[in-house]
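First comes the structure, then the notes that go with it.
In what follows, chains are A, B, ... by sequence order, proteins preceding strands, each numbered from 1.
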Number of protein chains: 2
Amino acid sequence: MKARLANNEVRLIIADSDTSADMLYATQFHAPDPFVYLEFAGEKAILVSQLEIGRARRQAEVDRIFSYAELEARWLSEHVSRSAASAPNPPRRCEILSLLLRDLGVSRLIVPESFPLGAAHELEELGFTITAQPDPFFPERVVKRPDEIEKIAAVLRKTEQAMAAAIARITAAEIADARLIYDGQPLTSEGLRAFIAVRLMELGCLARNTIVAVGDQGCDPHHAGDGLLRPDTTIVIDVFPRDLVSHYYADISRTVVRGRASDAVHRMYAAVAAAQEVAYRNIRAGVDASDVHAAVAQSFLDLGFHNGTDASSPEGFFHGTGHGLGLELHEAPRLYRHHHTLQAGEVVTVEPGLYYRGNGAVRLEDLVVVADGGCRNLTTLPKILEL
Amino acid sequence: MKARLANNEVRLIIADSDTSADMLYATQFHAPDPFVYLEFAGEKAILVSQLEIGRARRQAEVDRIFSYAELEARWLSEHVSRSAASAPNPPRRCEILSLLLRDLGVSRLIVPESFPLGAAHELEELGFTITAQPDPFFPERVVKRPDEIEKIAAVLRKTEQAMAAAIARITAAEIADARLIYDGQPLTSEGLRAFIAVRLMELGCLARNTIVAVGDQGCDPHHAGDGLLRPDTTIVIDVFPRDLVSHYYADISRTVVRGRASDAVHRMYAAVAAAQEVAYRNIRAGVDASDVHAAVAQSFLDLGFHNGTDASSPEGFFHGTGHGLGLELHEAPRLYRHHHTLQAGEVVTVEPGLYYRGNGAVRLEDLVVVADGGCRNLTTLPKILEL
C-alpha cells in the first residue's frame, strides 16, 4: 500500500501523539508533547526526551528508541567550547535530529502534509531533501482492523449510555412556563452538556464540545447550544467522545422534542430518517462515496426539502452525509463531494440533517462499518422524536 | 511589538482554534475544525465554512468574515463546465483561499512556524511567497493582560479544589495490607485520576493526562501512574486542566505520603521546597529565565542532590524549572536553558522535582506571575508531605 523506502530515505513525523493520530497509529505511544518518529528500511524508531524515555521503552511499539539527551550531549561536546563565558541557547531539535539522520545515512525525508513549515526549512538548511506526501500518510489507517472496530464499538456503547441518560432527563422533566424542570431546576444546554461530560468521564471517555442545541440554535451545526431547554422545540444532541485508554472516538446524534413537535418538524424528522436509510442502502465496498452523498441529497430534494439561496445563512441540507472516524474524530473517507471508492472495514458516520430557521434543526447520526455487500450499523440507540 | 505589514502582505494562519492557541488568541472564536485567519493593513478577517458562519458572526472578534461557500461557488462558476459528465472533486482549500488573497491584492504570506508544509507548497504553486515567522507568532501573547491573569487564577482555584479533594481522600483512607482503603475499596491511580477529572468536569474544566504516580512510577515524569496507591511511599499528583469556557489552563503539583515518609524522602521534599523559594527570590522582570533555572539547579547541588550519569534512566533534577502557561499548557517562556528576559505579566510554573529510583519522586508546582520587583504566587494550596 505504501511506497517502499530507498536506503537513504525515511518517513518522518514530528508531532505529539495526542493530536496527531498518525503518530499514535505508528507508535502506539500516547505522549502529549511532540517527539520524532522515523521509519526506515523496515524499522520503526522514535527519538524522545528524558521525560518520556522510561515510559517509551515500556509502551512504544517500535523497533528502536533513541535518547534525545544522549544525542544532545554529543552535539554539545562537538560544538560548544567549554571555556565560553556564558552558555549559549541549547541546540534546536532539528540540529539534534540531523545527527541521528546522518548516523542512519539518510538524506531524503518523506513527511506528512501537516509537517511544520519551520522544521522543514531548518532541515532543508541542514542539507536534507523534504517531500510532503499527500494525505493520507498511512493509507492503511483508513481501513479498520477488527480490534479497532471493537474499540470504536466499545466507545459507542458508553456514548449511547450517556446519550440515553440525557434523553431520560429530558423525558422526566416537567413542562412549566415554557421550561423543562428537572429536580426543581430548569434544564439548560450547559447543564445537560456537563451532565453528559461527567457521565462519560465516569466511563473513561472525554466528551468535548458536546452539542445540546435548542430550536434555531441547531441551525448552526457547530453551535454547542446555550440557555434554557424549551418544550415543543427541537433539541439536537450530538456527542463525540474519545476513550481515554484506547484513544478511539465514537459519534452519535439524536434529535428530540419534549412535548409536541410541529407538523413541519415531523416531516423533517421523517425525511432525515429516510435519508439515513438511503445511505445504508447505498453504502458498500466498491461504491463511490460521493455517490452515496448524492443519493442522500437527492432524497431530500425528492421530498421537497430544498436548500436556501443565501450562502451566509444556509438552510436545508448543506453539509456532508458523513465522515470517517477512528483515532481522529474526522478522518478519511468523507461521504461528501470527494471521489473515494469505499472499502470494507472503513468506519463512517451517517448523519444527514435538515435546518430551517423558524422550524429548528433535525439531525440523526449513526456509525456504520462498510462491508462487501452493504454496511453494518454499530449504533443501537433507538430514534424517538417526541418525548 | 510586531513588524508592520506592507500593503501586499498578510499574516495567515490555517488551523483550528482548539489546538492552536494563536488562532484562538487572534479571533476569540473557538472552533474544532480548521479555518483561515488573515491579518492585513490593520484589519483582521476569517474565512469559515457554512457550518460555522452563523456562530462566527456572533462570536468571532474580527473585522470581516468571509464565506467559504460563496467563494467556492464563484470558483466553480469560473472553472467547471456545467456539461461535464461527472462532477470533479471540489477545489482544494488553498485554491479558494487564493481567490480571496487576490481580491485583497496580496502576494506575500507571513505564517507561523507550525504552518502545514502541504498548504505552503500549494500556495507557492499558486504564486504566493511564503515566509515562516519564527515563534512566537504573536509575541504579545507572552505577557498576560489582567483579565487573562484573572482567568488563569480562576481555573487554578477550581484545580486546587479538585487537588484538595483528592488529597482528602488519601488522608481519609485507612492503611491495610500495604494498601489505602477508602470507602471499602483500595485507592488506585486510575480511580483517583478519574475522581479528579469528574470533579473538574463538574466545575467546567477538562483535566487530561492527570498524573497520580506512586513511588518510582513518578521517576518517569510523564508516567500517568497505574495500580494501587501504597502507604509510606511518594504519590506525585500533577493536574493541569483547561477551562471549557475561558480556554485558559492552570497547573499544580503536590507530593504526598500517606503514613511515614523515609528520611531520604523528607530530605528530597525539603530540597524541592527550598528550590521553589530560590526560584521565587530570583524571578522578577529583567532577569534572564536561564539564570533562574541555573540558581534552582545549583540549589540542589549545594544540598548534595546530583544527577545520574545514565542518560537512558535519568535521576536527580533533569527537567526545566518551569514553563509559561496561558491558552496553551506549555508556552513561552521556559524557565530552563534558553535565554529570555522575563517581563512583568508573564505567567510561569515553578516546578522543581527530584527523582531517585528506590526512593521515589518529589515534585512541587505552583503558578506565579512575574512582576517588576519579584513575583506573585497565584497558588494557595498548602504543601504537606505526610498525611
Side-chain angles (χ1 to χ4, degrees), chain A residues 18-19 30-33 49-55 57-58 65 67 69-70 73 86-90 111-121 130 132 134-135 190 194 197-198 201-202 204 206 208-209 219-223 244 290 294 311-314 318-319 329-330 336-339, chain B residues 18-19 30-33 49-55 57-58 65 67 69-70 73 86-90 111-121 130 132 134-135 190 194 197-198 201-202 204 206 208-209 219-223 244 290 294 311-314 318-319 329-330 336-339:
Chain A
D18 190 60
T19 53
H30 186 259
D33 292 324
S49 77
Q50 287 194 306
L51 283 170
E52 296 288 17
I53 198 156
R55 206 165 63 85
R57 279 181 207 284
R58 289 191 304 280
I65 296 174
S67 159
E70 280 177 24
S86 94
N89 277 327
V111 303
E113 287 192 309
S114 60
F115 195 82
L117 181 62
H121 285 171
I130 300 197
D135 285 334
E190 293 88 341
V198 168
M201 186 59 75
E202 288 167 351
L206 189 53
R208 317 180 69 184
N209 306 316
C219 295
D220 292 326
H222 281 186
H223 193 316
L244 288 168
S290 71
S312 73
S313 179
F318 53 84
H319 56 64
L329 174 59
H330 298 126
Y336 198 17
R337 299 173 296 167
H338 295 75
H339 296 291
Chain B
D18 192 59
T19 52
H30 186 259
D33 293 324
S49 78
Q50 287 196 305
L51 283 170
E52 295 289 16
I53 198 157
R55 204 165 64 85
R57 278 180 208 284
R58 288 190 305 280
I65 295 173
S67 159
E70 280 177 26
S86 95
N89 276 327
V111 303
E113 287 191 310
S114 61
F115 195 81
L117 181 62
H121 286 172
I130 299 197
D135 285 335
E190 294 87 341
V198 168
M201 187 57 76
E202 289 168 349
L206 190 53
R208 317 180 69 185
N209 306 316
C219 295
D220 291 326
H222 281 186
H223 194 315
L244 288 167
S290 72
S312 73
S313 180
F318 54 83
H319 56 64
L329 174 59
H330 300 127
Y336 199 15
R337 299 173 297 166
H338 293 76
H339 294 292

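- Proximity to chain A is limited to the side chain of B:A120, based on heavy atoms less than 4.5 angstrom apart.
- For B:H223, the parts lying under 4.5 angstrom from a heavy atom of chain A are both the backbone and the side chain.
- Only the side chain of B:I53 comes within contact range of chain A, with heavy atoms under 4.5 Å apart.
- Your options are B:G54, B:S313, B:A73, and the one with the most heavy-atom pairs under 4.5 Å with chain A is B:G54.
- B:P90 and A:H338 get closest at one heavy-atom pair: CG-CE1, 3.5 Å.
- Shown here for A:P314 and B:Q50, the closest heavy-atom pair between the two residues is CB-NE2, 3.4 Å.
- Top candidate by heavy-atom pairs under 4.5 Å with chain B, chosen from A:E70, A:H330, A:R208, is A:R208.
- Using a 4.5 Å cut-off between heavy atoms, A:H222 contacts chain B through both its backbone and its side chain.
- B:E202 touches chain A through backbone and side chain together, each having a heavy atom under 4.5 Å away.
- Interface check for chain A: of the options B:S49, B:S67, B:S114, the most heavy-atom pairs under 4.5 Å are formed by B:S114.
- Residues B:H339 and A:N89 share a closest heavy-atom pair of N-OD1, 2.6 Å.
- The contact between A:P32 and chain B is made entirely by side chain atoms (from C-beta outward), counting heavy-atom distances below 4.5 Å.
- Only the side chain of A:H319 comes within contact range of chain B, judged by heavy atoms closer than 4.5 Å.
- If you measure heavy-atom distances from A:L51 to chain B, the contacts under 4.5 Å come from both the backbone and the side chain.
- The candidate from B:T19, B:L244, B:D33, B:N209 with the greatest count of non-hydrogen atom pairs under 4.5 Å with chain A is B:D33.
- Minimum heavy-atom separation, B:L206 to A:M201: CD1-CE, 4.4 Å.
- For chain A, no part of B:D135 is nearby; none of its heavy atoms comes within less than 4.5 Å.
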